[in-house]
Amino acid sequence: MPNPDTTYAPSAEQAKAAHVDAKGYEEMYAASIADPDAFWAEQAKRIDWMKAPTKVSDVNFDLGSVNIKWFEDGTLNVAANCIDRHLAERGTQTAIIWEPDEATDEAQHITYQQLHAHVCKFANVLKEMGVGKGDRVVLYMPMIPQAAYAMLACARIGAIHSIVFAGFSADALGARIDACDAKVVITSDGAPRGGRVTNLKDNVNKALLNDFDTVKCLVVKRTGQQIAWRDGLDFWLHEMEENVSNDCPPEEMGAEDPLFILYTSGSTGQPKGVVHTTGGYLTYAAMTHEYTFDYHDGDIFWCTADVGWVTGHSYIVYGPLANGATTLMFEGVPTYPDAGRFWDVCQKHKVNQFYTAPTALRALMGQGNSFVEGYDLSDLKVLGTVGEPINPEAWNWYYNVVGKGKVPIVDTWWQTETGGHLMTPLPGATNLKPGSAQQPFFGIKPLVLEPTTAEVIEGNDVEGVLVIANSWPGQMRTVWGDHERFEKTYFSDYPGYYFTGDGCKRDADGDYWITGRVDDVINVSGHRMGTAEVESALVAHEKVAESAVVGYPHDIKGQGIYAYVTLMNGVEPSDELRKELETWVRTEIGPIAKPDLIQWAPGLPKTRSGKIMRRILRKIAEDDFGALGDTSTLAEPAVVDDLIENRMNRK
Ligand code: ATP
Ligand code: MG
């Protein structure tokens, strides 16, 4: 059981300044569980309703009749909540800071007033193109302000957006356009990222093969490069905007009308089209944004995700803007022009809350501390991570090198399906433990189950699969067009609960540790082990930059441990190093965790959102790579070829 020697208690000042301190969290959490409907009815007041809801929750988790509704009879408009209601008080405050790909290009500051004008015009353009309430619009865009305008314009007129990350191929885009029967695709001509430009419009044309003559395309001019054009079906945003008014009253939407469709990352299989609705989602995004990051009026908030992921939806656009925050949008990548870019941007815009992914931190850590040192990061108040378990090694680097030992880290565990954070430490309230998501957010009732019998495991110092026993307003409502798949995926394995697909431990203090996906648990000679633990041990070695561990069939032990290891820049692989790493893991965890096979991996297969795709690594470790499954969300297919060629377990 992980039990770090060092924990990090908040200082007295941090506890005092925060929305809740340790005692405040305990009390508020207890109240949220004791009477959830009363708790959420109160929280729903953070939203401006057109018609206030009289009902709070209507939830059924039983297979065959799964139904989730929040604030059902309330009506509202999400865009009006993110923009219009702030105009009187903060019309001239910056809503969005846009930092372009090139560090030498000027940043833009868009006020709430300007945001209002942009979004209204954008919404009228969409109407002009025939888009109305309930219609689907696919966004395939760079990280430019127009991506946020497009989302909010859809919300304003009641259209449902489905964002496809601009790094996806034409095939993946086409599948998502077809799946939701989109009326319009919004894109840009080119998309600069890390100094390279992708021609997005050409990808859209390829993606539209099936519906080339029907689906319209709205194009934002970003680079001015040459693009293929379909007369009568393709429209420039700037030209369309010349002929529409900037007045667009927000549509009155039901709390349970869909706001967006978004596909999961595809780490475990075919991506699922997650559906989120308006009232509950916005309440939850706004509340988690405020508490998890201890956001206060006037703070500059930066989430480095792309709007193509749920993190970008909830914590670049909807959460921060609902709270009247200044949110930073970054077009580029962490390593361009060099590995100091994040810190340069933090310094330049005086960022207060910074939220990123472990994969980015590990990459930056591998480049050395010199890229952080020299920047003034004194405005940082909270650091956050999301996406994968963060190895204690990376946590410590983030805490000590970036935060200078003074800034609390929130390790937020959640999913596309959950709309917002489900478990996270809270700044000023939680005694931090590196690598642990620690405690449930308000209103969330996690349970640990015995994986095979589905029995609830009580008490501390226990391990099993993680389920949630109750609903919360930000929970997904269905899989687009396939409610049966929704029920089967999340409510059939452990009846009566929402099954997260993740495993976890609850330590002696009652803190939660996500051990990785349930599919990733390995069983060595009867000992069950999360892959995250072995990976963390490997990454803790000074010569290792990144690692992924999977199980493979082993004649004697049942399953053996197969470790893929990426070495630090400049370190040469050798048999001695292999031995050294085996011994290292033995001493760090114990003999049972010693890897049986270590393969040097120049790169690891990752989803476009930077998550390691262990299911592919499992196939290679099993020497069974004929059927790799859905690889459409794989970032760099060439990485897989190299791993197959150098596989260690040849039958
Ligand atoms: P798919 O569901 O298509 O296989 P995915 O699960 O990677 O893809 P996301 O919704 O993007 O899709 O990711 C959610 C998952 O990411 C969680 O279930 C968990 O496994 C992992 N995760 C997210 N945040 C954390 C965290 N802070 N600690 C540990 N794991 C995390
Ligand atoms: Mg998932």
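We use all heavy atoms of the structure for the numbers below, so side chains are in, but hydrogens, waters and symmetry mates are not. Note that ligands are numbered from 1 as they come in the structure, with each ligand's atoms numbered from 1 the same way.
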request  = Describe, in one word, how the ring planes of Y318 and H313 are oriented to each other, choosing from parallel (under 30°), tilted (30 to 60°) and perpendicular (over 60°).
outcome  = tilted
query = Tell me: protein heavy atom nearest atom 11 (O) of ligand 1, and distance?
reply = S265 OG, 2.7 Å
Qualifying residue for side chain to side chain donor-acceptor pair (under 3.5 Å) with W413, from D502, T424, T418, T385 = D502
inquiry  = Closer than 4.0 angstrom, basic N to acidic O: yes or no for D294 and K381?
reply    = no
ask   = With only distance considered, is T500 within less than 3.5 Å of ligand 1 through an N or O on each side?
value = no
Atom 17 (C) of ligand 1 - nearest protein heavy atom and its distance = D502 OD2, 3.2 Å
Nearest non-hydrogen protein atom, atom 2 (O) of ligand 1 = K272 NZ, 3.2 Å
task = Specify the protein heavy atom at minimum distance from atom 13 (O) of ligand 1: its residue, its atom name, and the distance to 0.1 Å.
result = K611 NZ, 2.9 Å
query = Salt bridge check: are R614 and D519 linked by an N-O gap of less than 4.0 Å?
reply = no
request  = Check whether any heavy atom of W414 sits under 4.0 Å from an atom of ligand 1.
outcome  = yes
query = Taking N or O atoms only and a 3.5 Å limit, does G266 qualify as a polar contact for ligand 1?
reply = yes
ask   = Does the side chain of W513 pick up a donor-acceptor pair with the side chain of D507 at under 3.5 Å?
value = yes
request  = Answer side chain, backbone, both or neither: which part of Y263 comes under 4.0 Å from ligand 1, heavy atoms only.
outcome  = neither
key: E533 vs K505, salt bridge (charged side-chain N to carboxylate O under 4.0 Å, His left out): CA-CA, chis, key distance, verdict   = CA-CA 11 Å; E533 202 173 343; K505 296 180 178 187; 3.0 Å; yes
request  = Check whether any N or O atom of G387, backbone or side chain, sits under 3.5 Å from an N or O atom of ligand 1, and answer yes or no.
outcome  = yes
query = How far does CZ of F491 sit from CG of N60, to the nearest 0.5 angstrom?
reply = 9.5 Å
request  = Could you tell me the residue and atom name of the protein heavy atom closest to atom 26 (C) of ligand 1, and the distance to it rounded to 0.1 Å?
outcome  = E388 O, 3.4 Å
task = Identify, by atom number and element, the atoms of ligand 1 in contact range of T416, meaning under 4.0 Å from any of its heavy atoms.
result = 9 (P), 10 (O), 11 (O)
ask   = Does D411, backbone or side chain, put an N or O under 3.5 Å from an N or O of ligand 1?
value = yes
query = Which of these passes ring pair (Phe, Tyr, Trp, His ring centres under 6.0 Å) with H289: Y355, Y284, Y295?
reply = Y295
request  = Would you mind running through ligand 1 and noting each atom that sits below 4.0 Å from a heavy atom of R517?
outcome  = 5 (P), 6 (O), 7 (O), 15 (C), 16 (O), 20 (O)
Taking atom 4 (O) of ligand 1 as the reference point, the nearest protein heavy atom with its distance = T268 OG1, 2.5 Å
Row check, Y263 ring normal vs R176 NZ/CZ: under 6.0 Å, within 45° = yes
note = The protein heavy atom nearest to atom 7 (O) of ligand 1 is S267 OG, 2.5 Å
request  = Using a strict cut-off of 4.0 Å, indicate which atoms of ligand 1 neighbour a heavy atom of E417.
outcome  = 10 (O)
message = Below a 4.0 angstrom heavy-atom separation, can you tell me which part of T412, side chain or backbone, both or neither, approaches ligand 1?
response = backbone
task = Just need the protein heavy atom nearest to atom 29 (C) of ligand 1, so name the residue and atom and give the distance.
result = P389 N, 3.1 Å
message = One thing to verify: whether K606 and E388 come together as a salt bridge, which I'm taking to mean a side-chain N less than 4.0 angstrom from a carboxylate O.
response = no
ask   = Under the side chain to side chain donor-acceptor pair (under 3.5 Å) criterion, do Y140 and N203 qualify, and how do the steps go?
value = CA-CA 9 Å; Y140 183 65; N203 280 355; 3.0 Å; yes
